Amino acid sequence: MVSPPHEAMHRIFQHDPGLFSRVSRFLGVDIPAPVKATALPTDLTETNPVERRVDTLLRLETADQGSFILAVEAQGKKHPDKPASWAYYTAYLWTKYRLPTALLVVCQDPATARWAQQPVSCGPPQLPTLTVQPLVAGPHNMPVITDPEEARADLVLASLAAITHAAEPDVDVILKALSTALRDAPEDVAKPLIEFTAQGLAKRPAKNLWRNLVAVDLSFYTSYLAEEVRAEVRKEVRAEVRQEVRAEVRQEVRAEVRQEVQAEVRDEALTQGEARRAAADVLAVLAERGLPVSDAVREVIDGCDDPETLSRWLRRAVTASTAEEVVTGA
């Protein structure tokens with residue numbers, strides 16, 4: 001699955017094709033600014049079943065040096081198969097369009113950037129045949145733009161600087177400068193750059209800072225980032241509401257159970273009262289007949305709380321010869 005940083009690192013060149021010429025001075029080359037740019041299909045698949053697709057593909061036309069093809073690749077980590085793919089892209093595009101072809105690789109990791117800019121030849125050492133050495137833009141050579149005025153002078157470059165430095169300690173200062181610079185930018189200019197920056201930061205800690213800066217400095221913005229925050233807040237609120245509903249239901253159930261328990265306790269109290277009266281009746285009959293009642297028998301009669309048993313003992317007490325016969329008789 002393509003990640004948001006991957007998309008941001010190359011799609012920003014689709015948004016502003018002239019960015020490449022402005023970036024080139026940081027890469028040690030001098031590419032003239034285009035007077036015209038055309039986005040080309042990124043599908044490089046031939047009739048064979050292997051699909052090959054470059055990230056972003058542009059045809060740039062310059063006033064002094066004519067036209068050339070620019071392929072932009074976003075690279076998140078080292079991959080041993082990539083140089084061969086890049087060689088294919090370059091050769092295929094050169095063959096298809098018959099124009100000089102440039103390859104720019106954009107990275108967020110210094111180690112990946114160093115790996116990507118190493119020349120790789122497809123032939124044996126003594127016969128290099130075709131050597132691929134892309135231009136690489138990354139945290140090692142992209143400017144650290146911390147001045148809002150410098151960011152305001154080239155907002156797209158400032159956004160790319162934030163994206164390429166997403167994992168670097170100085171990204172916070174870059175983001176603050178960018179958000180300040182975007183305050184004065186028209187909404188249609190600021191919105192896509194806010195999204196590119198948010199995508200490029202992905203799930204890194206700086207994403208939270210960017211979210212807060214956007215909320216404070218750019219209150220008009222309600223698209224991608226705001227919807228993402230809304231989804232997170234909705235999840236939090238849903239958990240809170242669930243707890244509140246559970247508490248309400250618990251109170252309702254508690255009230256119902258309390259009524260049931262009150263009824264049960266009331267019935268138990270009535271039953272115990274009947275049992276006490278029945279036990280007293282048994283002892284009264286025995287006393288009336290003059291039958292001695294031992295402490296053990298009295299304890300058995302007083303301790304019985306079964307109305308049916310006490311009723312049976314009461315009938316026996318009328319005819320029994322001893323008190324013991326009342327509680328032990330069949």
Side-chain angles (χ1 to χ4, degrees), residues 1-5 191 194-195 198-199 201-330:
M1 180 180 295
V2 177
S3 65
K191 276 191 174 183
I194 293 171
E195 287 206 19
Q199 289 179 333
L201 297 173
K203 297 181 179 180
R204 291 183 171 87
K207 178 71 169 288
N208 295 325
L209 172 62
W210 183 239
R211 182 181 297 162
N212 294 334
L213 290 172
V214 167
V216 173
D217 294 341
L218 305 163
S219 58
F220 69 82
Y221 185 67
T222 58
S223 183
Y224 172 83
L225 206 56
E227 288 303 316
E228 185 179 89
V229 174
R230 181 182 179 86
E232 293 180 0
V233 172
R234 182 180 180 85
K235 184 177 180 180
E236 295 172 359
V237 172
R238 185 178 182 84
E240 294 172 0
V241 171
R242 180 175 291 147
Q243 290 295 329
E244 293 172 359
V245 171
R246 286 177 63 88
E248 292 175 2
V249 172
R250 184 179 182 86
Q251 288 296 329
E252 294 175 1
V253 172
R254 185 181 183 85
E256 294 177 0
V257 172
R258 185 178 183 84
Q259 291 179 351
E260 294 173 358
V261 172
Q262 285 177 338
E264 293 172 359
V265 171
R266 191 178 295 110
D267 291 343
E268 291 174 0
L270 292 174
T271 301
Q272 290 176 357
E274 292 176 359
R276 298 286 67 75
R277 288 191 295 272
D281 290 342
V282 173
L283 293 172
V285 170
L286 293 174
E288 184 67 24
R289 294 187 58 208
L291 298 178
V293 180
S294 65
D295 291 341
V297 171
R298 185 179 298 276
E299 184 177 349
V300 171
I301 295 174
D302 284 336
C304 180
D305 57 3
D306 181 16
E308 292 185 2
T309 300
L310 289 167
S311 178
R312 185 168 63 252
W313 289 352
L314 181 59
R315 292 192 296 272
R316 291 179 182 171
V318 176
T319 60
S321 302
T322 64
E324 286 74 14
E325 185 180 332
V326 172
V327 296
T328 58

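Bear in mind the structure is a predicted one, so any value in this text is a computation, not a measurement.
Pairing each heavy atom of Leu201 with each of Trp210, the nearest pair is CD1-CB, 3.6 Å. When every heavy atom of Glu324 is checked against every heavy atom of Ser294, the shortest pair comes out as OE2-OG, 3.6 Å.
Residues satisfying the side-chain contact (heavy atoms from CB on, under 4.5 Å) test with Arg258, not counting sequence neighbours, are Gln262. Checked against side-chain contact (heavy atoms from CB on, under 4.5 Å), Ala278 has the following partners two or more places apart in sequence or in another chain: Leu310. Taking Arg315 as the reference, Ser311, Arg312 meet the side-chain contact (heavy atoms from CB on, under 4.5 Å) condition, with sequence neighbours excluded. Listed by chain and number, the residues in a side-chain contact (heavy atoms from CB on, under 4.5 Å) with Val245 are Val241, Val249 (sequence neighbours excluded).
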Give the intermediate values and the outcome of side-chain contact (heavy atoms from CB on, under 4.5 Å) for residues Glu274 and Arg277. CA-CA 5 Å; Glu274 292 176 359; Arg277 288 191 295 272; 3.3 Å; yes
Show me the donor-acceptor pairs within less than 3.5 Å that the side chains of residues 295-307 make with the rest of the protein, sequence neighbours left out.
residue: Asp306; atom: OD1; partner: Glu308; partner atom: N; Å: 3.4
residue: Asp306; atom: OD2; partner: Thr309; partner atom: OG1; Å: 2.7

Taking only distance into account, with no hydrogens and no angle test, what donor-acceptor pairs under 3.5 Å do side-chain atoms of residues 281-293 form with protein atoms, sequence neighbours excluded?
residue: Arg289; atom: NE; partner: Val318; partner atom: O; Å: 3.4
residue: Arg289; atom: NH1; partner: Ala317; partner atom: O; Å: 2.7
residue: Arg289; atom: NH1; partner: Val318; partner atom: O; Å: 3.2
residue: Arg289; atom: NH1; partner: Ala320; partner atom: O; Å: 2.6
residue: Arg289; atom: NH2; partner: Ala320; partner atom: O; Å: 3.0

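Taken to the nearest 0.5 Å, the CD atom of Gln199 stands 8.5 Å off from the NZ atom of Lys207.
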